[in-house]
Amino acid sequence: MILHQARECYEQLSTFRRKRNRCRDYTYGRQWNDPIEVNGRCITEYEYIISEGNVPLKNNLIRRIVRNVLGVFRQRLPEIMNQEYQGPLESVALSNSLEELFCRSMEEFLISGMVIHRKRLGYHGSDHGIWTESVSPGSFFFNTDSRDIRGWDLNLAGQLHKVDYNDWCRAFVSTPQDLLKARSLFENGVKHVTVWEVWRREMVPCNIVHDTQQGKVVRLDVGSPLPDPLKDMPHKWTMTEVWRYYFLTDDGTVLLEGDSPYLHGSHPYIIKSYPYLEGEIHSFVADMIDQQRYTNRLVTLYDWVIRASAKGVLLIPEGSVDPRNLHSVSDQWGRFNGVILYKAKPGNPEPRQISGNLSNLGISELLEIQLKMMEDVSGVNGILQGNTSGGNVSGTLYNSQTTNALYSLSDLMETFRTFIRENASADRILLRQCHGKEC
């Protein structure tokens with residue numbers, strides 16, 4: 001039942017993962033990979049252009065714009081970190097290299113529109129503390145009927161793990177029988193096993209006991225014996241909501257399960273999706289793909305027209321040159337100091353060269369329009385790219401133009417800032433829990 005529900009949530013996010021892969025391809029230059037149908041065959045645009053004898057050129061504008069946005073974010077990040085990770089949290093930020101992690105997470109946020117961090121309390125190598133792990137949106141899943149932009153209506157969340165032998169032993173081996181099972185799983189050259197980590201909100205019956213001596217309320221599972229100090233304390237049967245975790249194999253075998261071990265009693269994930277209006281996710285890069293595609297088509301068309309135009313064709317009257325010497329004549333013609341000897345015949349014109357002038361097809365003007373439209377769509381104009389409108393621009397006007405240009409990115413920046421703030425809040429809770437356990 002649990003694995004079936006997790007699989008269903010994972011499959012429902014297949015469209016998002018497909019869009020994410022496409023946006024990632026366009027960001028990193030793989031821009032002719034969209035599938036098309038040609039004569040009943042499904043091939044990529046790259047393969048089709050090559051089959052037609054053309055060269056699939058591209059001018060990667062998306063990557064440049066993403067780098068510019070990341071540059072703006074890096075300039076603002078130290079101020080954000082000083083505000084969110086002060087005092088005791090500063091050591092957590094240093095041990096986790098959070099500044100670099102947030103920059104890479106921001107890049108993921110621009111490309112896919114979703115970013116996930118996972119918090120855990122335990123060992124990393126020989127150090128014990130609070131650790132932040134970046135989770136790929138390609139392996140993450142949650143209940144897709146969620147609509148709250150804050151994630152308060154999440155009922156299920158989790159991720160897929162590709163576990164090798166060492167990770168399996170570290171996580172699931174505690175007895176000699178467990179070790180034998182691990183060896184049987186990874187025999188015959190098996191390098192990785194898929195493990196489903198599922199966190200689910202469940203309603204469970206429990207006994208609520210009021211510990212008057214300690215001044216706190218204790219929750220005990222139904223059927224659990226009451227400790228001696230609590231036997232005479234007032235207690236009440238009720239239903240309560242808890243987050244439980246499960247680690248399962250592909251066949252549904254439960255490897256580990258239990259209630260949330262965290263002080264906040266919830267799942268360990270910090271999730272931010274954009275804009276998440278009615279549950280929809282639309283990335284920053286996705287808005288620019290159509291403009292990028294048209295730019296690539298214009299560049300490829302320009303190259304095709306240039307290659308198809310006549311350039312430096314040499315016309316030699318028949319009989320003026322011995323056919324056996326044509327290669328030598330061609331070589332001499334291309335040299336700046338070349339000399340060609342031939343016997344002129346009466347009535348035959350001399351050799352001459354022709355070249356076709358490339359007519360103005362308006363491609364360069366269309367490219368300029370596309371570059372301008374790319375700036376308008378992305379909101380990253382020439383000011384943010386370091387371009388000025390002229391040498392006579394005053395510093396005050398330039399600063400004003402820069403500030404106005406940043407307004408178009410303020411929604412993205414502030415949304416990601418809330419993600420950093422939620423990370424800091426989770427780290428603060430875990431730090432209190434860590435100190436309570438004297439770690």
Side-chain angles (χ1 to χ4, degrees), residues 10-11 13-74 100-101 103-116 134-141 159-160 162 192 273-274 280-307 363 366-367 369-380 385 412 416:
Y10 183 79
E11 291 170 359
L13 288 169
S14 59
T15 301
F16 163 76
R17 289 193 296 273
R18 184 168 60 251
K19 290 180 179 179
R20 173 182 177 265
N21 291 339
R22 185 170 184 250
C23 291
R24 184 186 58 193
D25 286 345
Y26 271 87
T27 302
Y28 295 118
R30 300 182 290 270
Q31 299 178 349
W32 293 105
N33 284 345
D34 287 353
I36 57 175
E37 185 175 342
V38 178
N39 298 327
R41 292 191 308 126
C42 184
I43 61 176
T44 64
E45 292 177 327
Y46 180 88
E47 294 170 335
Y48 175 72
I49 294 174
I50 291 294
S51 67
E52 292 293 314
N54 294 324
V55 180
L57 300 176
K58 58 182 179 295
N59 183 10
N60 195 349
L61 304 176
I62 293 179
R63 181 61 178 157
R64 182 186 67 177
I65 292 175
V66 169
R67 284 200 303 265
N68 289 331
V69 177
L70 289 174
V72 173
F73 174 72
R74 274 194 179 270
E100 184 62 28
L101 182 61
C103 289
R104 299 284 65 81
S105 297
M106 181 62 175
E107 188 170 11
E108 175 67 56
F109 188 62
L110 296 174
I111 293 174
S112 68
M114 178 189 290
V115 60
I116 308 108
S134 179
V135 178
S136 170
S139 63
F140 187 74
F141 56 88
Q159 64 181 117
L160 285 176
K162 295 295 183 181
H192 295 91
S273 301
Y274 183 85
E280 295 186 11
I281 301 172
H282 299 282
S283 72
F284 174 76
V285 167
D287 295 334
M288 299 182 286
I289 285 182
D290 288 342
Q291 306 304 324
Q292 178 68 68
R293 286 173 57 81
Y294 196 59
T295 299
N296 290 345
R297 289 185 178 184
L298 289 175
V299 171
T300 303
L301 177 61
Y302 213 166
D303 176 72
W304 182 83
V305 171
I306 292 174
R307 288 189 294 112
I363 298 179
L366 287 174
L367 279 173
I369 293 174
Q370 285 304 121
L371 293 175
K372 182 64 172 63
M373 291 184 66
M374 182 69 84
E375 292 183 359
D376 293 340
V377 170
S378 66
V380 181
Q385 298 175 27
L412 271 173
F416 196 83

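Index from 1, following the sequence. It should be emphasised that the depicted structure is a prediction, and the values quoted were computed from it without experimental measurement.
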Test item: side-chain donor near acceptor, Asn296 and Tyr26, under 3.5 Å = no
task = Check step by step if side chain to side chain contact (heavy atoms under 4.5 Å, CB included) holds for Val55 and Thr300.
result = CA-CA 7 Å; Val55 180; Thr300 303; over 6 Å; no
ask   = Are any of the side-chain heavy atoms of His282 and Ser273 separated by less than 4.5 Å?
value = no
task = Report yes or no: does Gln292 contribute a side-chain atom to a donor-acceptor pair with the main-chain N or O of Asn59 at less than 3.5 Å?
result = yes
key: Spacing of CD1 belonging to Ile116 relative to OG belonging to Ser105, to within rounding of 0.5 Å   = 9.5 Å
ask   = Is there side-chain contact between Cys42 and Ile36, with heavy atoms separated by less than 4.5 Å?
value = no
remark   = CD1 of Ile62 to CG of Leu110, rounded to nearest 0.5 Å, is 11.5 Å
ask   = Is it the case that Asn33 and Arg30 place a side-chain donor and acceptor less than 3.5 Å from each other?
value = no
key: Cation over ring face, Arg17 and Phe141, 6.0 Å, 45°   = no
remark   = Here the gap from Phe416 atom CZ to Glu108 atom CD, rounded to the nearest 0.5 Å, amounts to 10.0 Å
request  = Would you name the heavy atoms of Gly29 and Lys58 that are closest together and state the gap between them?
outcome  = O-CE, 2.7 Å
key: Beyond-backbone contact of Tyr302 with Leu57, side-chain heavy atoms, under 4.5 angstrom   = no
query = If you look at every heavy atom in Val135 and Gln159, which pair is closest and at what distance?
reply = CG1-NE2, 3.7 Å
ask   = Does the side chain of Asp34 come within less than 4.5 Å of Arg22's, by heavy atoms?
value = yes
query = For the residue pair Lys162 and His192, what are the closest heavy atoms and their distance?
reply = O-CD2, 3.9 Å
query = Is a donor on one side and an acceptor on the other found under 3.5 Å between the side chain of Asn68 and the backbone of Arg64?
reply = yes
query = Going through the checks in order, is the salt bridge (Lys or Arg N to Asp or Glu O under 4.0 Å) test met by Arg293 and Glu45?
reply = CA-CA 11 Å; Arg293 286 173 57 81; Glu45 292 177 327; 2.9 Å; yes
inquiry  = Looking at every non-hydrogen atom in both residues, tell me the closest pair between Ile281 and Gly113 and how far apart they are.
reply    = CG2-O, 3.6 Å
query = For Arg297, does the CZ atom have more than 12 heavy-atom neighbours from other residues, nucleotides or ligands under 6.0 Å away?
reply = no
message = Run the side-chain hydrogen bond (donor to acceptor under 3.5 Å, both in side chains) test on Asn21 and Arg24 for me, step by step, so that the C-alpha distance in whole Å, both residues' side-chain angles and the decisive distance to 0.1 Å come before the verdict.
response = CA-CA 5 Å; Asn21 291 339; Arg24 184 186 58 193; 3.3 Å; yes
ask   = Do Gln31 and Asn60 pass the side-chain hydrogen bond (donor to acceptor under 3.5 Å, both in side chains) test, and can you show the C-alpha distance, the side-chain angles, and the key distance before you say yes or no?
value = CA-CA 8 Å; Gln31 299 178 349; Asn60 195 349; 3.0 Å; yes
message = So which atom in Met114 and which in Phe140 form the shortest heavy-atom distance, rounded to 0.1 Å?
response = SD-CD2, 4.5 Å
query = Does any N or O in the side chain of Glu47 come within less than 3.5 Å of the main-chain N or O of Thr44, such that one atom is a donor and the other an acceptor?
reply = yes
inquiry  = Would you say that Cys23 contacts Ile289 through its side chain, given a criterion of any heavy-atom pair below 4.5 Å between the two side chains?
reply    = yes
inquiry  = Strictly below 4.0 Å, N to O, side chains only: are Arg104 and Glu100 in salt-bridge contact?
reply    = yes
Validation row: Cys103, Leu70 side chains within 4.5 angstrom (heavy atoms) = no
message = Whether the side chain of Ser283 engages the backbone of Ile111 through a donor-acceptor N/O pair (distance < 3.5 Å, no angle test) should be reported.
response = yes
inquiry  = If I take atom CD1 from residue Ile369 and atom CE from residue Met374, how far apart are they, to the nearest 0.5 angstrom?
reply    = 14.0 Å
query = Taking all atoms of both residues into account, what is the closest heavy-atom pair of Val66 and Glu107, and its distance?
reply = CG1-CG, 4.4 Å
ask   = How are the rings of Phe109 and Tyr274 set to each other: parallel, tilted or perpendicular (split at 30° and 60°)?
value = perpendicular
